[in-house]
Amino acid sequence: MNPQRLRMRAHSGFGLIEILVVCVLIIVLSSSLAVLYFGHGSGDKANETVHTPIGKANTTVCQSNLTQLRQAITMEQTGDPDSKFPASLHDLKGLPSEFIVCPDGHEPYAYDPATGTVHCVHPGHENL
């Protein structure tokens with residue numbers, strides 16, 4: 001065989017140090033992305049969940065649930081001969097039971113049957 005070919009064969013491929021450097025870079029990048037995705041780990045659940053994509057999604061689901069609950073309350077009141085609001089959120093027909101609790105904190109929504117208002121009691125969701 002040709003000596004140049006033997007040298008090329010000996011130097012082809014990746015060495016152990018190169019592979020370790022690539023592994024370290026992948027670990028550093030994935031850990032920094034995990035911090036962005038799962039939050040900063042501050043331990044403050046009320047503020048932490050709002051800043052993560054999952055927390056933002058739960059806030060959006062909570063807002064959607066409240067909108068649908070308010071529409072269902074209005075429809076129930078319109079269909080009632082005395083125009084009364086339903087006595088509780090469990091009296092609303094056609095809504096799954098997941099709609100009456102906050103997806104973020106799993107607290108039941110606060111409902112006032114005298115006024116027909118419903119709101120979330122989870123910290124950070126007071127203005128939804």
Side-chain angles (χ1 to χ4, degrees):
M1 273 176 104
N2 191 356
Q4 284 182 335
R5 217 174 195 167
L6 285 174
R7 270 189 245 133
M8 286 180 64
R9 220 181 224 185
H11 293 294
S12 64
F14 293 106
L16 180 62
I17 300 298
E18 293 167 330
I19 291 174
L20 288 175
V21 167
V22 170
C23 288
V24 167
L25 287 173
I26 289 172
I27 290 170
V28 167
L29 287 174
S30 63
S31 64
S32 64
L33 289 175
V35 167
L36 286 175
Y37 184 73
F38 293 114
H40 301 293
S42 64
D44 185 12
K45 279 294 199 187
N47 292 330
E48 184 177 316
T49 56
V50 175
H51 299 295
T52 63
I54 295 171
K56 289 178 183 179
N58 282 338
T59 301
T60 303
V61 170
C62 181
Q63 188 172 15
S64 174
N65 286 353
L66 287 171
T67 301
Q68 292 190 29
L69 280 171
R70 290 173 182 138
Q71 289 175 350
I73 289 168
T74 303
M75 289 174 56
E76 192 75 24
Q77 181 205 15
T78 305
D80 188 57
D82 299 328
S83 294
K84 290 183 182 177
F85 292 108
S88 73
L89 293 178
H90 296 287
D91 294 344
L92 297 173
K93 299 172 186 77
L95 288 177
S97 61
E98 297 90 34
F99 276 62
I100 60 174
V101 294
C102 177
D104 215 358
H106 303 291
E107 301 103 347
Y109 292 127
Y111 174 64
D112 182 13
T115 60
T117 58
V118 62
H119 65 277
C120 184
V121 296
H122 186 72
H125 293 189
E126 296 89 2
N127 296 326
L128 297 181

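One-based numbering along the sequence shown. Excluded from the calculations below are hydrogen atoms, water molecules and symmetry mates; all remaining heavy atoms, backbone and side chain alike, are included.
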If you round to the nearest 0.5 Å, how far is CG of L66 from NE2 of H119? 9.5 Å
Any side-chain to backbone donor/acceptor pair from T78 onto T74? Under 3.5 Å, distance only. yes
I73 vs F85 side-chain heavy atoms within contact, under 4.5 Å: yes
V61 side chain reached by P103 side chain, heavy atoms, under 4.5 Å: yes
Between atom CG of L16 and atom CD of E18, what is the distance when rounded to the nearest 0.5 Å? 9.5 Å
Test log, rule side chain to side chain contact (heavy atoms under 4.5 Å, CB included), inputs E76 and D91: CA-CA 9 Å; E76 192 75 24; D91 294 344; 5.8 Å; no
Could you tell me whether the side chain of V121 reaches within less than 4.5 Å of the side chain of C102, counting heavy atoms only? no
Do I17 and L25 sit in one hydrophobic cluster, given that two such residues count as connected whenever their side-chain heavy atoms are within less than 4.5 Å of each other, even indirectly? yes
Does D112 use its side chain to pair, donor to acceptor, with the backbone of A114 at less than 3.5 Å? yes
Smallest heavy-atom separation, A72 atom then L92 atom, equals O-CD2, 3.8 Å
Full working for side chain to side chain contact (heavy atoms under 4.5 Å, CB included) between V101 and E107: CA-CA 5 Å; V101 294; E107 301 103 347; over 6 Å; no
Donor-acceptor under 3.5 Å (R70 side chain, V118 main chain): yes
Between I100 and P108, is any pair of side-chain heavy atoms under 4.5 Å apart? no
Examine distances only and state if a side-chain atom of Q77 and a backbone atom of M75 form a donor-acceptor pair shorter than 3.5 Å. no
Are the side chains of L95 and N65 in contact, using a 4.5 Å heavy-atom criterion? no
Audit row: F99, Q68, side chain to side chain contact (heavy atoms under 4.5 Å, CB included) steps and yes/no: CA-CA 8 Å; F99 276 62; Q68 292 190 29; 2.9 Å; yes
With a 4.5 Å heavy-atom cut-off, do Y111 and T117 have their side chains touching? no
Assess, by modelled atom type and distance only, whether the side chains of D80 and S83 contain a donor and an acceptor separated by less than 3.5 Å. no
SG of C120 to CG of N127, rounded to nearest 0.5 Å, is 11.0 Å
